[in-house]
There are 2 protein chains.
Amino acid sequence: MVQYASAHLDASFAALSDATRRGVLEQLGRTNASITDLAEKFHMTLTGMKKHVVVLEQAGLVTTEKVGRVRTCRLGLGALKAEAAWMESYRQLWSARFEALDDVIEDLKLKERQVERTE
Amino acid sequence: MVQYASAHLDASFAALSDATRRGVLEQLGRTNASITDLAEKFHMTLTGMKKHVVVLEQAGLVTTEKVGRVRTCRLGLGALKAEAAWMESYRQLWSARFEALDDVIEDLKLKERQVERTE
DNA sequence: TGCATACTGAACCATATGGTTCAGTGTTTA
DNA sequence: TAAACACTGAACCATATGGTTCAGTATGCA
């Protein structure tokens with residue numbers, strides 16, 4: 001059965017709830033970047049961006065590696081996989097209810113006449 | 001292009017970052033429930049559960065209707081649709097990178113010999 | 001060696017979050 | 001009409017979050 005209690009889901013959804021962090025994910029999807037790169041791109045102090053990167057890293061959405069003085073950030077290998085999987089499993093669980101409702105709406109839209117149906 | 005800045009995504013990912021709220025979504029996926037029902041189920045005060053429901057409602061994940069003294073909560077019609085869509089669009093954007101990496105890993109696993117490749 | 005670069009960590013701040021209690025308001029029902 | 005029920009709202013509390021500044025540490029380069 002689907003589990004809703006998961007510290008990992010807590011962490012990754014929380015990580016995704018901030019627009020700056022979603023922006024960082026998008027950026028890293030284009031190309032890897034240092035903390036300095038990201039801080040400049042998002043008009044933020046180095047320290048501030050570092051915190052965001054830590055949050056993304058703890059959520060498993062990003063991995064980093066420090067070489068010399070530079071810490072390079074890249075997209076986590078399985079980024080969004082667990083989260084997307086959680087969502088899909090729920091949408092499938094709920095599909096019966098959703099589809100029933102979708103049908104009603106579809107009928108209303110297409111036929112432009114009244115549909116009587118109760119749950 | 002994909003947009004990462006969205007108050008709606010902020011709200012819904014934040015709503016999903018709490019295990020109790022994910023539990024409420026699962027519960028409402030089975031059957032509608034009153035605030036009292038949910039409060040009992042999750043061992044919480046009425047007031048506490050009310051707050052969670054408000055958060056879910058503002059994220060568009062749940063809708064409620066008050067009839068008499070009872071407020072009935074149900075799954076929002078488009079629940080998780082926008083969020084799943086956001087994730088999928090990113091996973092597609094990133095797919096080239098992921099697949100390239102997946103291939104490397106696959107090679108390593110299947111062939112059990114060294115693979116030389118650099119980005 | 002000496003300076004600039006890139007990050008790190010501690011401390012601070014304002015606001016948000018997840019929970020509570022307590023005191024209501026409006027609705028049913030005996 | 002009176003009591004019980006279901007919710008609502010205000011106030012409070014501890015902790016987390018998103019940002020800052022300031023003071024390091026470690027690395028690279030002239």
Side-chain angles (χ1 to χ4, degrees), chain A residues 4-28 31-74 83, chain B residues 4-28 31-74 83:
Chain A
Y4 59 82
S6 153
H8 175 249
L9 283 177
D10 278 25
S12 41
F13 283 130
L16 291 172
S17 72
D18 181 273
T20 298
R21 285 192 294 260
R22 289 196 302 277
V24 168
L25 287 182
E26 181 181 11
Q27 189 55 37
L28 295 181
T31 177
N32 298 339
S34 67
I35 309 271
T36 298
D37 293 339
L38 294 170
E40 280 173 5
K41 190 109 190 171
F42 292 89
H43 314 100
M44 193 175 295
T45 58
L46 251 189
T47 312
M49 181 52 71
K50 176 75 188 322
K51 284 190 177 183
H52 281 306
V53 168
V54 167
V55 169
L56 288 166
E57 206 173 359
Q58 286 177 342
L61 295 167
V62 156
T63 63
T64 73
E65 186 195 12
K66 190 163 184 179
V67 175
R69 337 174 249 194
V70 179
R71 179 173 297 279
T72 299
C73 309
R74 41 176 57 82
E83 298 74 24
Chain B
Y4 58 83
S6 153
H8 176 249
L9 284 177
D10 278 25
S12 40
F13 283 130
L16 291 172
S17 73
D18 181 273
T20 298
R21 284 192 295 260
R22 289 197 302 277
V24 168
L25 286 182
E26 181 181 11
Q27 189 55 38
L28 295 182
T31 176
N32 298 339
S34 67
I35 310 270
T36 298
D37 292 340
L38 294 171
E40 279 173 6
K41 191 109 190 172
F42 292 89
H43 314 100
M44 191 175 295
T45 58
L46 252 188
T47 312
M49 180 51 73
K50 175 74 187 324
K51 284 190 178 183
H52 281 307
V53 168
V54 167
V55 170
L56 288 166
E57 206 174 357
Q58 287 177 342
L61 296 167
V62 156
T63 62
T64 73
E65 185 195 14
K66 192 164 185 180
V67 175
R69 358 174 230 194
V70 179
R71 178 173 297 279
T72 298
C73 308
R74 40 176 58 81
E83 298 74 25

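Quantities reported herein were computed from a predicted structural model and do not represent experimental measurements. Every chain is numbered from 1, with letters handed out A, B, ... down the list of sequences.
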Locate the shortest heavy-atom distance separating A:T20 from A:M44; write the atom from each residue and the value. CG2-CE, 3.8 Å

Would you kindly give the CG-to-C1' distance between B:L38 and D:dA6, to the nearest whole Å? 13 Å

Do B:Q58 and B:V54 have side chains that get closer than 4.5 Å, going by heavy atoms? yes

Separation between SG of B:C73 and CG of B:L61, rounded to the nearest 0.5 Å: 12.5 Å

Using whole Å, report how far NZ of B:K50 lies from C1' of C:dG26. 14 Å

Distance in Å, A:K51 NZ paired with A:L56 CG, rounded so as to fall on 0.5 Å steps: 14.0 Å

Identify the heavy atoms of A:D10 and B:D18 that sit nearest to each other, and give their distance. OD1-C, 4.3 Å

Rounded at 0.5 Å granularity, tell me how far NE2 in B:H8 sits from CZ in B:F13. 9.5 Å

Just by protein heavy atoms under 4.0 Å, how would nucleotides 17-24 of chain D read 5' to 3' in B, S and -? -BBBBB--

Interatomic spacing from CD in B:E65 to CZ in B:R74 - rounded to 0.5 Å: 6.0 Å

Near DNA chain D, which residues from residues 57-71 of chain A have a heavy atom under 4.0 Å away? A:G68, A:R69

So, B:T64 and B:E57: side-chain donor and acceptor under 3.5 Å apart, yes or no? yes

